[in-house]
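A short write-up of the structure that comes next.
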Amino acid sequence: MDKKQIALMAVDALKAEYPDAICSLVYTDPLQLLIATRLAAQCTDARVNIVTPALFERFKTAQDFADSTPEEVAEYIKSCGLYKTKSKDIVAMAKMLCEDFDGIVPDNIDDLIKLPGIGRKTANLVCGDIFGKPAVVVDTHCIRITKRLGLHNLKDQKKIEFALRDLLPPKESNDFCHRLVLHGRAVCTARNAKCESCCMDGFCPKNI
DNA sequence: ATCCCGAGGG
DNA sequence: CCCTCTGGAT
């Protein structure tokens, strides 16, 4: 089996296992998803969802964040970890949104990654979930599972994104990545992967 | 001790 | 490529 075949089998298997390719971050507008995704760095989505209700009640627009300080934002997000860089990034990002983008979250990767603290993973997630564009969201689960599946043997996040883009149908890639997250939490975990109950056990080479 | 839907800098 | 940033959960 070549990589493309395995990729397509993985797409089908996960689609059957997780019909709803949902994002577990809670948000009601593009800015909230952008910020929640930034907060999710080295932190569980469950933890992010605990802090965001109060955060988004206090700050409703990019201007609200831009008018605040990293110190105030930090009070709301501290339990998510990496709080100094995250809070500094969020305020700087909001300022750039207001100054260069009329306070509106841009709809393309090139503009999104200009924002402080926004990298390819977050930019792809927003492009896929908010703007319905083909996206390859390369996070810790995506990297681990696609490597175990033998779809690549790379370390660089951007190289993995482009390698997967070549293997996945554009219309499927975004949902596929969401399903990788669900699967990574429940079955193909970092430690003690539950291969015996995995829907891809039949064709996974298990390159751990 | 290790991992959690990362990003930026060296 | 590598490292660092960080609290919470297991």
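So that the names make sense, note that chain A is the first sequence line, chain B the second, and so on, each numbered from 1.
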Donor-acceptor pairs are to be reported for all side-chain atoms of residues 44-56 of chain A against protein atoms at under 3.5 Å, with residues two or more places apart or in another chain.
residue	atom	partner	partner atom	Å
Thr44(A)	OG1	Arg47(A)	N	3.2
Asp45(A)	OD2	Ser24(A)	OG	2.8
Asp45(A)	OD2	Arg185(A)	NH2	3.2
Arg47(A)	NH1	Ser79(A)	OG	3.4
Asn49(A)	OD1	Val26(A)	N	2.9
Asn49(A)	ND2	Ser24(A)	O	2.8
Asn49(A)	ND2	Asp45(A)	O	3.4
Thr52(A)	OG1	Val48(A)	O	3.2

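Checked options Lys3(A), His152(A), His141(A); the residue passing with Thr146(A) is His152(A) (criterion: side chain to side chain donor-acceptor pair (under 3.5 Å)).
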Polar pairs (N or O, both sides) under 3.5 Å between protein and nucleotides 8-10 of chain B?
residue	atom	partner	partner atom	Å
dG8(B)	OP1	Gly117(A)	N	2.6

N/O contacts under 3.5 Å, protein versus nucleotides 1-5 of chain B?
residue	atom	partner	partner atom	Å
dT2(B)	O4'	Arg191(A)	NH1	3.2
dC4(B)	OP1	Arg144(A)	NH1	2.8
dC4(B)	OP2	Thr140(A)	OG1	3.1
dC4(B)	O2	Gln42(A)	O	3.1
dC4(B)	O2	Cys43(A)	N	3.4
dC4(B)	N3	Gln42(A)	O	3.1
dC4(B)	N4	Gln42(A)	OE1	3.1
dC5(B)	OP1	Asp45(A)	N	3.0
dC5(B)	OP2	His141(A)	NE2	2.9
dC5(B)	OP2	Arg185(A)	NE	3.4
dC5(B)	O5'	His141(A)	NE2	3.3
dC5(B)	O2	Asp139(A)	OD2	2.8
dC5(B)	N4	His178(A)	ND1	3.2

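Between atom CG of residue Asn124(A) and atom SG of residue Cys177(A) there is a gap of 8.0 Å, rounded to the nearest 0.5 Å.
Comparing the P positions of dG9(B) and dT6(C) gives an interatomic distance of 14 Å, to the nearest angstrom. One P atom belongs to dC5(B), the other to dT10(C), and the distance between them is 12 Å to the nearest Å. Nucleotides dC3(B) and dC2(C) are separated by 15 Å at their P atoms, to the nearest Å. With both ends at atom P, the span from dT2(B) to dT4(C) equals 15 Å, rounded to whole Å.
When side chains are defined from C-beta on, Asn108(A) counts as touching Lys133(A), because their heavy atoms get closer than 4.5 Å. Side-chain atoms of Val137(A) and His178(A), non-hydrogen and from C-beta on, never get closer than 4.5 Å to each other. Pro116(A) has its side chain within reach of Met96(A): a pair of non-hydrogen atoms, C-beta onward, lies under 4.5 Å apart. Taking 4.5 Å as the limit, every side-chain heavy atom of Gln157(A) sits out of range of all side-chain heavy atoms of Glu161(A).
Counting non-hydrogen atoms under 4.0 angstrom, Lys84(A) reaches the backbone sugars and phosphates but no base.
By the criterion of side-chain heavy atoms lying less than 4.5 angstrom apart, applied directly or through intervening Ile, Leu, Val, Met, Phe, Trp or Tyr residues, Leu151(A) is grouped together with Phe203(A) in one hydrophobic cluster. Placement of Val126(A) and Val138(A) in two distinct hydrophobic clusters is found when ILVMFWY residues are connected by side-chain heavy-atom separations under 4.5 Å, directly or transitively. Phe131(A) and Val136(A) sit in two unconnected hydrophobic clusters of ILVMFWY residues. Membership requires side-chain heavy atoms under 4.5 Å apart, directly or through other members. Cluster annotation: Val91(A) is connected to Val105(A) through the hydrophobic network of ILVMFWY side chains, with a link wherever side-chain heavy atoms come within less than 4.5 Å.
Judged purely by distance below 3.5 Å, without hydrogens or angles, the side chains of Asn153(A) and Asn207(A) never pair a donor atom with an acceptor atom.
Of all the residues in residues 148-165 of chain A, Gln157(A) reach under 4.0 Å from DNA chain B with at least one non-hydrogen atom. For DNA chain B, no neighbouring residue in residues 50-64 of chain A is found when judged by any heavy atom under 4.0 Å.
Judged by distance alone, the side chain of Ser87(A) and the main-chain N or O of Val73(A) form no donor-acceptor pair under 3.5 Å. The main-chain N or O of Gly119(A) is never found under 3.5 Å from a side-chain atom of Thr122(A) such that the two would form a donor-acceptor pair.
The interatomic distance linking Ile90(A) (CD1) with dG6(B) (P) rounds to 15 Å, in whole Å. Rounded to whole angstrom, the span from the CG atom of Leu34(A) across to the C1' atom of dA7(B) amounts to 13 Å.
A salt bridge between Asp89(A) and Arg38(A) is present, with a side-chain N of the basic residue lying under 4.0 Å from a carboxylate O of the acidic one. Between Lys206(A) and Asp201(A) a salt bridge is recorded (basic side-chain N to carboxylate O distance below 4.0 Å).
On the nucleic acid side, DNA chain C contacts chain A at distances under 4.0 Å to non-hydrogen atoms, with the end points of that region at dC1(C) to dA9(C).
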